[in-house]
Amino acid sequence: MPSNPLAATVAALLPRAKAELAELIAFRSVADFSQFPRSESEAAAGWVADALRAEGFTDVALLDTPDGTQSVYGYLPGPEGAKTVLLYAHYDVQPPLDEAGWTTPPFELTERDGRWYGRGTADCKGGFIMHLLALRALKANGGVPVHVKVIVEGSEEQGTGGLERYAEQHPELLAADTIVIGDAGNFRVGLPTVTTTLRGMTLVRVRVDTLAGNLHSGQFGGAAPDALAALIRVLDSLRGADGSTTIDGLDATARWDGLDYTEEQFRADAKVLDGVGLIGDGSVADRIWARPAVTVLGIDCPPVVGATPSVQSSAGALVSLRVPPGTDAAEATKLLQEHIAAHAPWGARVTTEQIGQGQPFRADTSSPAYAAMAEAMAVAYPGESMQYAGQGGSIPLCNTLAALYPRAEILLIGLSEPEAQIHAVDESVSPEELERLSVAEALFLRNYAAG
């Protein structure tokens, strides 16, 4: 790829980047300390802190956040009077799921078929390496032209909000003119993309009670109200016949006006089985980026193995609702809870409990930072222009930063394109994407400083 000094420098640094990513991947830094040792996450945080110190960062600190995890902060001063840019990544990762299901060990970086495999390669340890590569390229070619703050979170995947609460308590720490969140990704390999919207989310626990206790299905079935059947009726009411989310009072008609997502491409990315149709109406982009989406995450009921012939007295479920930009997550939660109560059959007693919530996010794409990134991506990806895409997932920190720093411009880029299979077995990163995005970030910082 090298066609300019920054690109040549990044290309020369890529073997070092691979070795460093291998070191960082080796830490089993899952921030669920009931499953993985706290020492693994603390060691990963220490590695990140040492890497920042080695690059000349000052004020490097391990921040003890309210959820019991550590985020890593560092500051690299730039020229006097320069703008300040905050670079974000996270070093914690999702559990590897079934380690036996991985082709190669999840905590060992392995190269196969032109990609680097391992948990966190794309989400989001590779994002931190991307930031390092960009800064190293600038330092080798005239210097870093802005003040740089780096924050690397330790519990993003758990959604426990430690860094969000810490930032609220120390609002001056992460203040910046522009924030680059390195935790998104390109629409596909080779197509430079910024994520401009994020759906918010709410989690609601549902419980249905109909009887004082379970009853023999032969003696009482047919008249006794079955709590599991009532729960199924309630959950079914959350979707229309075509699978669209149908929560009373919640708008589900918005349209996406950015990058198109064909059904053929989506079926391939989502690995939809042959003969199985997609759900919902409108374009795929409408459905996954611009509209609400309800998902039943789990149901409490007897498993098939060991089940007895009983009418169930109680049943429960965990329901997730993704909330599109333009909708308040608290209002969506209220509508969801009211819908569930209103659709309970047979007078069944239904209780709901909200256990998690995050607001949606929409970026201002008319800002100077977006123009600087578009110019940078056009150079890093010859022949391609920067695309705008949404993301169905949530990054609650974006809303916290937007609220704390309303004048800051926020851009979301990263390494998590569809082939990366983040959160699944055999997560991987394209080294070419790491190289190109590192060049794009370096060029962006230079363009933004000059703007």
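Quick caveat: nothing in here was measured; it's all calculated off a predicted structure. Residue numbers count from 1 along this sequence.
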task = Could you list the residues that satisfy ring pair (Phe, Tyr, Trp, His ring centres under 6.0 Å) with Trp102, not counting sequence neighbours?
result =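 Expected list: none.
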Crowding at CZ, Arg349 (>12 non-hydrogen neighbours, <6.0 Å) = no
task = Not counting sequence neighbours, list each pair that qualifies as a ring pair (Phe, Tyr, Trp, His ring centres under 6.0 Å) and has a residue in residues 383-402.
result =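 Counting only pairs at least two positions apart or across chains, no ring pair (Phe, Tyr, Trp, His ring centres under 6.0 Å) contact touches residues 383-402.
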Selection residues 404-437 - residue pairs positive for ring pair (Phe, Tyr, Trp, His ring centres under 6.0 Å), sequence neighbours left out = none
ask   = Should Asp260 and Ser283 be marked as a side chain to side chain donor-acceptor pair (under 3.5 Å) after you check the CA-CA gap, both sets of side-chain angles, and the distance that decides it?
value = CA-CA 8 Å; Asp260 185 32; Ser283 72; 5.3 Å; no
If you measure only the distance, is there a donor-acceptor pair under 3.5 Å linking the side chains of [X] and [Y]?
{"X": "Gln337", "Y": "Thr352", "answer": "yes"}
{"X": "Asp209", "Y": "Ser314", "answer": "yes"}
{"X": "Tyr448", "Y": "Thr178", "answer": "yes"}
{"X": "Glu433", "Y": "Tyr381", "answer": "yes"}
{"X": "Glu156", "Y": "His90", "answer": "yes"}
{"X": "His343", "Y": "Asp248", "answer": "yes"}
{"X": "Glu427", "Y": "Gln421", "answer": "no"}

request  = Please assess Gln391 against Leu412 for the test side chain to side chain contact (heavy atoms under 4.5 Å, CB included), listing each intermediate value before the final yes or no.
outcome  = CA-CA 10 Å; Gln391 183 171 303; Leu412 292 96; 5.8 Å; no
Do [Y] and [X] meet the salt-bridge criterion of a basic N to acidic O distance under 4.0 Å?
{"X": "Glu111", "Y": "Arg115", "value": "no"}
{"X": "Glu108", "Y": "Arg119", "value": "no"}
{"X": "Glu263", "Y": "Arg267", "value": "no"}

request  = Any pair with a residue in residues 44-65 that passes side chain to side chain donor-acceptor pair (under 3.5 Å), sequence neighbours left out, goes on the list, sorted by first then second residue, please.
outcome  =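 The answer is Glu23-Trp47, Asp50-Arg53, Glu55-Arg136, Glu55-Lys139, Asp64-Gln70, Thr65-Asp67, Thr65-Thr69.
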query = Any side chain to side chain donor-acceptor pair (under 3.5 Å) pairs touching residues 322-333, not counting sequence neighbours?
reply = Thr202-Thr333, Arg322-Ser394, Asp328-Gln359, Thr333-Gln357
key: Over all atoms of both residues, closest heavy-atom pair of Ala137 and Leu13   =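 Ala137 and Leu13 have their closest heavy atoms at N-CD1, 4.4 Å.
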message = Using a 3.5 Å distance criterion without hydrogens, assess whether the side chain of Asp92 forms a donor-acceptor pair with backbone atoms of Ser29.
response = no
query = Do Leu397 and Tyr88 pass the side chain to side chain contact (heavy atoms under 4.5 Å, CB included) test, and can you show the C-alpha distance, the side-chain angles, and the key distance before you say yes or no?
reply = CA-CA 10 Å; Leu397 179 66; Tyr88 168 90; 3.3 Å; yes
ask   = Roughly how far, to the nearest 0.5 Å, is the OG1 atom of Thr9 from the CG atom of Leu14?
value =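 If I round to the nearest 0.5 Å, the distance is 12.5 Å.
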message = I want to check a possible cation-pi pair here: Arg28 against Phe36, using under 6.0 Å from ring centre and within 45° of the ring axis as the test.
response = no
key: Gln35: partners by side-chain hydrogen bond (donor to acceptor under 3.5 Å, both in side chains), with sequence neighbours left out   = Asp32
